[in-house]
Amino acid sequence: MSDQDFPSTFAITTPLYYVNDLPHIGSAYTTMAADAIARFQRLQGHPTLLIVGTDEHGQKIQRAAESTGKTPQEHCDRIVAGFAELWQRFNITYDRFIRTTNSRHTAIVNEFFQRVWDKGDIYLGQQQGWYCVSCEEFKEERELLENKHCPLHPNKIAEWRDEENYFFRLSKYQSQLEALYQERPDFIQPPSRRNEVLSFVSQGLQDFSISRVNVEWGIPLPANPKHTIYVWFDALLGYVTALLEPESPPTLENALAQWWPINLHLIGKDILRFHAVYWPAMLLSAGVPVPERVYGHGFLTKDGKKISKTLGNIIDPLALVNSYGSDAIRYYFLKEIEFGQDGDFNETRFIHTVNADLANDLGNLLNRTLQMAHKYCQGSLPAYTAADFAPDHPLKAIGIDLGDRVRQAYQDLAFSQACEAILGLVRTCNKFIDEQAPWAKYKQGQQQEVEQILYAVLESVRLAAYLLSPIIPNISTDIYQQLGFSIDFNDKNLINGLATFSRSASWGFLPDRQSLGKPKPVFARLELPAAIG
RNA sequence: GGUUCUGUAGCUCAACGGCAGAGCGCUCGUCUCAUAAGCGAGUAGUUGUGGGUUCAACUCCCACCGGAACUACCA
């Protein structure tokens, strides 16, 4: 394939997580995936901006704070520290961490609100409906039980509320949104999610309220400070605020100058509507280009069951990473679960998978080959180049177009496919060694054959490590260092010290006569925890 | 209720009109360079059920059974 190492920029976001509680495994899952994509973009030499952050306003936060006797800001600060800690533990190389309580964000929200206001898309209306005080939310009439009892609180009767709210004219954008989905079939992915949105929009869009009168913890409405801005309207704009350079004044123009439009909003399927319907409509109203792509991935289950607090089967991401390390967790979630679909976490399957792939197939392959290189070649790389191998050489034949296949997989967010393709090369290497039996050839004095075999395998391991580095950066770094490179895949500026993607992703890049490092297992096998389900 | 998706080996998934595959797991065998790793062989499927279209169906159509998602403002 042609060289595509052009320096187009790439901006990607995770959701701005709601700080009503400490992060859960779902947030970690989205963030791992986003990080892998960002790392892959950087590998290709594209200026990349990975945006993470927190959504900190709203009534729920206000209450969560009250329940612990803290101010809302104190509460947010505490939870945000938990997120920052977790992302560090998961080896997330984010470039921006945006908090919606940042004062610069208020400036952006105000300016954006004003634009939509000037467009005539905001009006004062009445929010009417049956309101359950226990739920603190409006219910659809058909949801209610007999005599207007709330389905979640059958002993309570929903009250009729008639509340003053500002509304956004979403209905006005129905045809423009439908045109957008039509013209850009990739705007919402995967296709199953797109179908959901199309079906939803085709039912007819209604205006939605964007202010609240009883919520103090929020950004006051510029047009009427008795109201605060509805958290979603506020939170989505965090993606814009995040683009501001640290020193530049907080204006829309500055924020949108360099990185807009966002290339990919990576989200869970639960918040698809906000990103695929409300958000583009808001942007259309403000005269701002819409993002390139919105991807709604699936949900996780634990041992086949929904994860919920009431079931008590919560997976604590911090505990998980403390037990097993970030690479193993990242690998399992990205390789063993089909991105886009729901997927299951099962501890036994997790251990089997990472042991088989990372310890047995990949780690042991490097280890056995490196040991031989030390014994048979005095610890330096045999003097070969790609040209010394016939096109039908079993490893070269796979390696030669692996880079293109894997790049395509990453672009499609098909992490599982990327890993499978790479592991295919690794497994072939293990077979190749057994067939060739370099230890026997060495004893027979066939030095040249031995060196050629070892070069081909070491180069294949290098290529595998390079292509897996967005997912298992620590292991890839270890492999590279044992192969004699001084490269750290966790260094965001590594591009400067690394060859271009098209060269590094080609089989045969490994420089000959490079001095090899000491063989040391790059991934220790995990033990099954005793007596845990 | 309506709409959409889905049901393939114990598990996770591929094949999407032309003899049903891979990885993991399990069983047996085997090499010795290696992390009790590697390699080889074996194992298991009337492809949810019943019809239909076709020379030919996991693949297309219909019905049924099972599972899931969406069906408006909880982030």
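We name chains A, B, ... by the order of the sequence lines, and we start the count at 1 in each one. Keep in mind that this is a model prediction, so the values were computed, not measured.
Across all strands shown, B/A14 forms no Watson-Crick or G-U wobble pair with both distances under 3.5 Å. Both distances falling under 3.5 Å, in either a Watson-Crick or a G-U wobble arrangement, place B/G42 opposite B/C26. Pairing for B/G66 is with B/U6, a Watson-Crick or G-U wobble pair whose two hydrogen-bonding atom distances lie under 3.5 Å. Pairing for B/U35 is absent, judged as Watson-Crick or G-U wobble with the two contacts each under 3.5 Å. Across all strands shown, B/U47 forms no Watson-Crick or G-U wobble pair with both distances under 3.5 Å.
A/H265 and A/T13 are linked by a side-chain donor-acceptor pair at a separation below 3.5 angstrom, with hydrogens and angles left out of the test.
As rounded to whole Å, 10 Å separates atom C1' of B/C73 from atom CG of A/N165. In this structure, A/L198 atom CG and B/A69 atom C1' are separated by 15 Å, rounded to whole Å. B/A34 atom C1' lies 10 Å from atom CG of A/L366, rounded to whole Å. In this structure, NZ of A/K441 is placed 13 Å from C1' of B/C33, rounded to the nearest angstrom. Whole-Å rounding puts the A/K431 NZ to B/C39 P distance at 5 Å.
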Using the side-chain hydrogen bond (donor to acceptor under 3.5 Å, both in side chains) rule, take A/Y239 and A/H275 through it: C-alpha gap first, then chi angles, then the decisive distance, then the call. CA-CA 11 Å; A/Y239 298 138; A/H275 287 79; 2.7 Å; yes
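The aromatic ring of A/F208 does not stack onto the base of B/C73, failing the criterion of a centre distance under 5.5 Å from the six-membered base ring together with planes under 30° apart.
Between B/A37 and A/R368, no contact under 4.0 Å exists linking OP1 or OP2 to a side-chain N or O.
Between A/Y230 and A/F208, the ring planes are perpendicular. Angles over 60° get that label, and only those under 30° would be called parallel.
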